[in-house]
Amino acid sequence: MTIKIILPLYFFCSVILLSCNTPKKNYISHQTTPITSKKLSENARKDWSYKDIIEDSIPGISFDRAEREILKNEKGKDIIIAVIDQSIDINHKDLQNQIWVNDDEIPNNNIDDDKNGYIDDINGWNYTGNNSIISKKYSHYDYTRTVKAYKNTFPEEAEVTKNNSIAYQTYQRAKNLLDKKLKSVPQDIEYANNVYKWKNQARKGISKYLVELSDDNVTLKKLDSLKLKHSNDSTLIQNINIFTGFVINGYTDRYIQNLQLESNNALNKQLNLEFNEREVTNDNPSDINNKGYGNNIVNSDLNLFSHGTIVSGVIAKKTNNLKIMPLPIVGYGSTHDKDIALAIRYAVDNGAKVINMSFGKSFSLYKNMVDEAIKYAEKNNVLIVTSAGNDNHDMDRKTKFNYPDDRDSNRKEFVSNFIKVGGTSANVNNELMYSMSNYGAQNVDLFAPAEDIYTTVPNNEYKYDAGTSLAAAITSKVAGILYSHYPDLTSKEVKQILTESGVGYKFKVKLPTRENPEQQVPFSQLSKSGKVLNAYNALIMADSIATINH
């Protein structure tokens, strides 16, 4: 292992200031050489993202080391992190003590006690429902919404002028995607129905030997015993193998039902131009001043929606003073710009210091609404953290889009409080980058752990998950910790610390393309900072900046 230590002047200042109470701290600069991957124990696997490249040879964020060497005697102040996402299981045993409570609101009195425009918003606000319907489950895809908005503007005989050419290009891009999806969804429906049929045929073939067949390990053990007992019954063995394969690969009854539900609703609702996606909220999505919709039920439909709980688990893990503010805006389909903008403003007005937005889309009909909300957050010193997306796309290409973003019409940054995060794996080699992560030397700010992350899901359960959503969440977590211990930092400074204090990995990683499936490029070229988030480094740098500037 080759670790090079480079200590800028402000880090020497920081070490001197801290040396009275803590051991000398070395800033982790970069890892030069790849390391052969090793199989992790289950405990190490659950916490790999918190490990340290020097001490553990694992490319985590050095959170455990930071807690042990820097934060052990430091309590910090409570910090609110708004999670704009799906609904959140606020009663999960690992989340319930870290859910934000609005102390200025009296519960269930049907009065807006704090005069913030939201009645009984005890834990946050759900922008997907109304007083009688807890939440709407389906929205248009962003390209469906875009086609519907422009279809009368650009009929087939429409004249394209210089003034409307950008809008026309957007419409055509959306229409191509919609047409492509409309062709593929019937195949998705057929596949979901076949999967349901195949599994139930196997279940029926086994039922006379084993009546209760569940999607669990107990059933798998019983099936193994059944195979040994009836080893000459080829039909039974075939049915057992089919059923076992479904369970092992995660095709539970619930998963298959969701496949059927999602594919059918995609055709009837998310892709259907005639579907009224704002029927429940009954608002005008083009008017930011048309408010008053939604309700205070932030944990609705947890049987359908787990993403908000997954993200919140990453933020809350091993911390006590980070409080989650649930702001559900997402169901099946794409987020609305108006909902995003109002949720950002709610978070800012109600005390959040960090806003996590682990979602993205390719079209933004009312981008100005979101841009103004992001500027409002910047004005109020609130950091916004977003995920880069999971398409393995180069986001610097002019044909690629991932909204919300911090770019104006000339693709120039217009704020200093916005971070977009790509994803990494536990491998210190050419597989360091999470294979599905988007990247971009100009449009992705840094990387953070995103693969094989152990986190919460509804109903007091847990699972391993992957995606840049988790990379954004762990970045929001570290941002919250910085604010907690250095509350005078500005959002611009926190962004600077997170991006500049990361660990660089100076070797090539896989980046296959259709033209060159064996392509590898330097990891440092995949983001603006070229680095991976590091909590240990960030705290050292935060101490320096806070001492010098505050």
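The CG atom of Leu498 sits 10.0 Å away from the CD1 atom of Ile61 when rounded to the nearest 0.5 Å. Here the CZ atom belonging to Arg407 is positioned 9.5 Å from the CZ atom belonging to Phe418, to the nearest 0.5 angstrom. The OG atom of Ser87 sits 12.0 Å away from atom CD1 of Ile329, with the distance rounded to the nearest 0.5 Å. Here the straight-line distance linking atom CD of Glu274 with atom CG of Asn268 works out to 13.0 Å at 0.5 Å rounding. Atom CD1 in Ile111 sits 9.0 Å away from atom CD1 in Ile119 (nearest 0.5 Å).
Salt-bridge formation is not detected for the pair Asp408/Lys412: no Lys NZ or Arg NE/NH1/NH2 atom is positioned less than 4.0 Å from an Asp or Glu carboxylate oxygen. With salt bridges taken as basic N to acidic carboxylate O contacts below 4.0 Å, one links Glu372 and Lys375. Ion pair Lys115/Asp104 not flagged as a salt bridge, since none of the NZ, NE, NH1 or NH2 atoms sits closer than 4.0 Å to an Asp/Glu carboxylate oxygen. A salt bridge is defined here as a Lys NZ or Arg NE, NH1 or NH2 lying under 4.0 Å from an Asp or Glu carboxylate O, and Asp283 with Lys338 meets this definition. Ionic pairing of Lys361 and Asp337 is present here: one or more N-O contacts between side-chain nitrogen and carboxylate oxygen are shorter than 4.0 angstrom. No salt bridge links Lys420 with Asp406; every basic N to acidic carboxylate O contact stays at or beyond 4.0 Å. Ionic pairing of Asp452 and Arg45 is present here: one or more N-O contacts between side-chain nitrogen and carboxylate oxygen are shorter than 4.0 angstrom. Salt bridge present: Asp405 and Lys367 bring a charged side-chain N and a carboxylate O closer than 4.0 Å. By the 4.0 Å N-to-carboxylate-O rule, Lys495 lies too far from Glu500 to be salt-bridged with it. In this structure, Glu277 does not pair ionically with Lys137, as no charged nitrogen and carboxylate oxygen lie closer than 4.0 Å.
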After noting the C-alpha distance and the side-chain angles of Ile481 and Leu71, does the key distance pass the side chain to side chain contact (heavy atoms under 4.5 Å, CB included) rule? CA-CA 10 Å; Ile481 291 169; Leu71 299 179; 4.0 Å; yes

Could you go through the side chain to side chain contact (heavy atoms under 4.5 Å, CB included) check for Asn381 and Tyr483 one step at a time? CA-CA 11 Å; Asn381 197 31; Tyr483 275 125; 4.1 Å; yes

Check against side-chain hydrogen bond (donor to acceptor under 3.5 Å, both in side chains), His92 and Thr309: CA-CA 9 Å; His92 194 291; Thr309 305; over 6 Å; no

Working for side-chain hydrogen bond (donor to acceptor under 3.5 Å, both in side chains), residues Glu378 and Ser416: CA-CA 7 Å; Glu378 180 188 41; Ser416 62; 2.9 Å; yes

Begin from the C-alpha positions of Leu178 and Leu271 and carry the test side chain to side chain contact (heavy atoms under 4.5 Å, CB included) through to its verdict. CA-CA 7 Å; Leu178 178 60; Leu271 300 171; 3.8 Å; yes

Applying salt bridge (Lys or Arg N to Asp or Glu O under 4.0 Å), run through Asp64 and Lys51 and close with a yes or a no. CA-CA 6 Å; Asp64 289 343; Lys51 300 303 181 184; 3.5 Å; yes

Steps toward side-chain hydrogen bond (donor to acceptor under 3.5 Å, both in side chains) verdict (Asn321, Ser484): CA-CA 8 Å; Asn321 49 6; Ser484 176; 3.0 Å; yes

Show your working on side-chain hydrogen bond (donor to acceptor under 3.5 Å, both in side chains) between Asp113 and Asn109 and close with a plain yes or no. CA-CA 9 Å; Asp113 300 291; Asn109 66 353; 3.1 Å; yes

Tyr127 and Ile340: CA distance, side-chain angles, deciding distance, side chain to side chain contact (heavy atoms under 4.5 Å, CB included) verdict: CA-CA 9 Å; Tyr127 289 89; Ile340 299 170; over 6 Å; no

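Counting heavy atoms from C-beta outward, Leu533 and Ile474 have side chains that approach closer than 4.5 Å. Residues Trp100 and Ile324 form no side-chain contact, since every pair of their non-hydrogen atoms from C-beta on lies 4.5 Å or further apart.
Using bins of under 30°, 30° to 60° and over 60° for the plane-to-plane angle, the ring pair Tyr255/Tyr251 lands in the perpendicular bin.
The aromatic ring centroids of Trp125 and Tyr118 lie less than 6.0 Å from each other.
Residues Tyr536 and Glu69 bring a donor and an acceptor atom of their side chains to less than 3.5 Å of each other. Using modelled atom types and a 3.5 Å distance limit, the side chains of Asn390 and Thr468 yield a donor-acceptor pair. Asn43 and Asp47 share no donor-acceptor pair across their side chains, judged by distance under 3.5 Å alone. A side-chain donor from one of Asn295 and Asn126 sits under 3.5 Å from a side-chain acceptor of the other. A side-chain donor-acceptor contact under 3.5 Å links Asn356 and Ser476. Side-chain contact of Ser62 with Asn534: a donor-acceptor pair under 3.5 Å is present, judged by distance alone. Side-chain contact check for Asn123 and Asn296: no donor-acceptor pair (N or O, by modelled atom type) lies under 3.5 Å. Side-chain N/O atoms of Gln270 and Ser139 include no donor and acceptor closer than 3.5 Å. Between the side chains of Asn110 and Asp120, no donor-acceptor pair is found at a separation under 3.5 Å. Donor-acceptor pairing under 3.5 Å is lacking for the side chains of His393 and Asn438. Side-chain contact annotation: Asn102 with Asp114, donor-acceptor N/O pair under 3.5 Å present. Between Asp301 and Ser135, the side chains place a donor N or O and an acceptor N or O closer than 3.5 Å (distance only, hydrogens not considered).
Heavy atoms only, all atoms of each residue included: Leu95 and Ala316 are closest at CD2-CB, 3.8 Å.
More than 12 heavy atoms of other residues, nucleotides or ligands lie within 6.0 Å of NZ in Lys318, so this atom counts as buried by the packing criterion. Within 6.0 Å of CD1 in Ile134 there are 12 or fewer heavy atoms belonging to other residues, nucleotides or ligands. In the displayed structure, Lys151 atom NZ is contacted under 6.0 Å by more than 12 heavy atoms of other residues, nucleotides or ligands.
Geometric assessment of Lys531 against the ring of Phe447 yields a negative cation-pi assignment under the 6.0 Å and 45° thresholds. The cationic atom of Lys148 (NZ for Lys, CZ for Arg) does not lie both less than 6.0 Å from the six-membered ring centre of Tyr143 and within 45° of the ring axis. Annotation: cation-pi geometry satisfied between Arg278 and Tyr293 (NZ/CZ under 6.0 angstrom from ring centroid, within 45° of ring axis). Lys477 forms a cation-pi arrangement with Phe63, by the criterion of a distance under 6.0 Å to the ring centre and an angle within 45° of the ring axis. Remark: Arg345 qualifies as a cation-pi partner of Tyr376 under the 6.0 Å distance and 45° angle criteria applied to the six-membered ring.
If you run ring pair (Phe, Tyr, Trp, His ring centres under 6.0 Å) between Tyr332 and each of Tyr141, Phe275, Phe305, only Phe305 comes through.
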